[in-house]
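Worksheet: the structure to be examined is printed underneath.
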Amino acid sequence: MQTKPFRIGTRGSPLALAQAAETRARLMAAHDLPEEMFEIVVLSTTGDRVTDRPLSEIGGKGLFTLELEEQLSSGELDFAVHSSKDMPTVLPNGLHISAYLPREDIRDALIGRTAPSLTALPDGATVGTASLRRQALVRRIRPDIQVTIFRGSVGTRLRKLDEGHVDATLLAFAGLKRLAREEVVTELLDPEHFPPAPAQGAICIESRIGDRRVDTLLEAVNHRPTYDAVSCERAFLMALDGSCRTPIAGYALCDGDHLRFSGLILTPDGQKEYSVEVDGTRTEAEALGRRAGETVRTAAGPGFFETWS
């Protein structure tokens with residue numbers, strides 16, 4: 001029987017702490033365990049500390065997970081909680097994503113200061129975002145808009161917006177809901193026209209391969225439809241060698257045993273794009289994602305991807 005607390009690794013942002021607390025609460029309820037059986041361990045990551053440059057310039061998504069994964073691999077943590085869209089497609093040897101919590105809303109939210117919607121923003125307005133996907137989608141809809149790099153926690157970005165640094169910013173609606181900040185949203189963007197990042201809105205739990213004690217603990221909170229949908233989306237990313245250097249969107253929806261995936265790749269200026277849709281059974285989730293990625297890569301041709309470097 002476990003006598004020491006399980007050590008849960010997380011970043012220190014308010015959103016990361018909210019996600020770790022949700023994970024702990026679900027595990028407590030699933031196993032009828034007291035709060036003291038779960039210790040939340042906060043680590044600062046390189047991605048948190050370096051906020052003055054785009055992630056693509058300093059190493060990519062793995063900068064939000066590196067320090068957590070080092071302590072997970074060494075046994076100092078039992079498992080780590082992440083925003084799934086921050087996870088690289090290739091994980092360190094010996095680690096895997098063992099569970100996903102039920103997914104939140106996948107949509108992007110616009111928070112407008114000078115206008116309530118993307119289409120209503122004045123000519124030449126400035127939108128702040130750190131996401132190449134969001135930049136490309138904004139430029140696809142409004143080529144006149146100026147896009148500026150906007151990094152930091154949700155609170156930091158909202159403060160910069162209030163201070164007048166930009167006319168609007170874009171954030172994941174899921175994160176705003178988890179922080180109880182839905183009131184700031186001025187427009188929710190339809191995923192059919194403004195598709196989310198693969199894995200957006202999902203919390204994942206990373207652990208050591210072969211740790212049966214932890215696998216058994218986490219299996220009780222694993223939400224299988226989310227697991228299958230995000231596995232499909234991550235396979236799509238992997239087939240495209242996707243990272244924060246590439247404007248890629250995509251989401252999968254589960255309906256019973258059926259899964260439908262929609263994916264999109266764009267040039268950074270948003271003026272050229274290739275889309276793909278596939279569907280099949282949930283048991284084929286990863287294969288469907290790979291097929292979608294290979295299909296859109298072939299359609300775009302090698303020259304399309306060279307423009308991203």
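Counting from 1, the numbers follow the sequence of the chain as shown. Fair warning: this is a prediction, and the values are worked out from it, not measured in the lab.
Contact of the P225 side chain with the D228 side chain is not registered, since no non-hydrogen atoms from C-beta on lie closer than 4.5 Å. You'll find the side chain of L68 reaches within 4.5 Å of the side chain of R11, heavy atoms only. Inter-residue side-chain proximity for T119 and S117 is flagged as met; some heavy-atom pair is nearer than 4.5 Å. Within the 4.5 Å cutoff, side-chain heavy atoms of L72 are placed close to those of R208. Looking only at side-chain heavy atoms (C-beta outward), E273 and L264 come within less than 4.5 Å of each other. Between E69 and M87 there is a side-chain heavy-atom pair separated by less than 4.5 Å. Taking the side chain as every heavy atom from C-beta outward, F236 and V296 approach each other to under 4.5 Å. When side chains are defined from C-beta on, L253 does not count as touching L259, because their heavy atoms never get closer than 4.5 Å.
For the residue pair S74 and Q71, no side-chain donor N or O sits within less than 3.5 Å of a side-chain acceptor on the partner. Between the side chains of H96 and E206, no donor N or O sits under 3.5 Å from an acceptor N or O. Side-chain contact, Q19 with S83: a donor N or O sits under 3.5 Å from an acceptor N or O. In summary, the side chains of R260 and S262 do present a donor paired with an acceptor at a separation below 3.5 Å, with no hydrogens or angles considered. At a cut-off of 3.5 Å, with distance as the only test, no side-chain donor of T129 or S131 sits close to an acceptor on the other residue.
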Audit row: R103, I106, side chain to side chain contact (heavy atoms under 4.5 Å, CB included) steps and yes/no | CA-CA 8 Å; R103 195 175 202 169; I106 66 171; 3.5 Å; yes

Evaluate the side chain to side chain contact (heavy atoms under 4.5 Å, CB included) criterion for residues S84 and Y100: first the C-alpha distance (whole Å), next the side-chain angles of each, then the deciding distance (0.1 Å), finally the verdict.
-> CA-CA 9 Å; S84 299; Y100 290 93; 3.4 Å; yes

Before giving the answer on side chain to side chain contact (heavy atoms under 4.5 Å, CB included), spell out for L110 and F194 the whole-Å C-alpha distance, their side-chain angles and the decisive distance to 0.1 Å.
-> CA-CA 11 Å; L110 181 95; F194 204 99; over 6 Å; no

Test E284 against T281 for side-chain hydrogen bond (donor to acceptor under 3.5 Å, both in side chains), laying out the working first.
-> CA-CA 5 Å; E284 304 173 280; T281 64; 3.1 Å; yes

For L240 and E294, what are the C-alpha separation, side-chain angles and deciding distance, and is it a side chain to side chain contact (heavy atoms under 4.5 Å, CB included)?
-> CA-CA 7 Å; L240 292 167; E294 290 161 0; over 6 Å; no

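For F261 and Y251, the ring centers are positioned 6.0 Å apart or more.
Under the 4.0 Å criterion applied to side-chain N and carboxylate O atoms, E183 and R181 are assigned as salt-bridge partners. For the pair R7 and E39, the salt-bridge criterion is met [side-chain N within less than 4.0 Å of a carboxylate O]. Remark: E104 does not engage R178 in a salt bridge, criterion side-chain N to carboxylate O under 4.0 Å. Ion pairing between R134 and D108 holds under the 4.0 Å rule for side-chain N and carboxylate O. A salt bridge between R140 and D269 is absent, with no side-chain N of the basic residue lying under 4.0 Å from a carboxylate O of the acidic one. A salt bridge links R159 with E163; the closest basic N to acidic carboxylate O contact falls under 4.0 Å.
Although no hydrogens or angles enter the test, the distance criterion places a donor-acceptor pair under 3.5 Å between the side chain of T186 and the main chain of P116. Using modelled atom types, one side-chain atom of T267 and one backbone atom of K272 make a donor-acceptor pair closer than 3.5 Å. Listed for the D255 side chain is no donor-acceptor partner under 3.5 Å among the backbone atoms of H258. Not a single donor-acceptor pair under 3.5 Å links the side chain of E36 to the backbone N or O of P5. Between the side chain of T10 and the backbone N or O of A16 there is at least one donor-acceptor pair closer than 3.5 Å.
The heavy-atom pair separating G128 from T169 by the smallest distance is O-OG1, 2.7 Å. Here the shortest heavy-atom pairing between P268 and R139 reads O-NH1, 3.4 Å. The minimum heavy-atom distance linking E192 with D190 is given by the pair N-OD1, 2.9 Å. The minimum heavy-atom distance linking E286 with A235 is given by the pair O-CB, 3.3 Å. The shortest non-hydrogen separation linking L218 to S98 is CD1-OG, 3.2 Å. Closest approach of G210 and D215 over heavy atoms only: N-OD2, 4.4 Å.
To the nearest 0.5 Å, the span separating CZ on R107 from CD on Q200 amounts to 11.0 Å. Distance check: T126 OG1 to R113 CZ gives 9.0 Å after rounding to the nearest 0.5 Å. Here S207 contributes atom OG and I8 contributes atom CD1; the two are 12.5 Å apart, rounded to the nearest 0.5 Å. With rounding to the nearest 0.5 angstrom, the CD1 atom of I205 is 8.0 Å from the CG atom of N222. To the nearest 0.5 Å, atoms OG (S231) and CD1 (I97) are separated by 7.5 Å. Here CG of D162 is found 14.5 Å from CZ of R157. Values are rounded to the nearest 0.5 Å.
Residues L15, I111, F150, V154, L158, L161, L171, F173, L176, L179, V184, V185, L188 make up the rest of the hydrophobic cluster containing V166, defined by ILVMFWY side-chain heavy atoms closer than 4.5 Å, directly or through other members.
The ring pair (Phe, Tyr, Trp, His ring centres under 6.0 Å) analysis of residues 14-40, with sequence neighbours excluded, yields the pairs F6-F38.
L95 and I209 fall into different hydrophobic clusters, where Ile, Leu, Val, Met, Phe, Trp and Tyr side chains are chained together by heavy-atom contacts under 4.5 Å.
Residues passing the side chain to side chain contact (heavy atoms under 4.5 Å, CB included) test with P143, sequence neighbours excluded: Q271.
Around CG of D144, the count of heavy atoms belonging to other residues, nucleotides or ligands within 6.0 Å exceeds 12.
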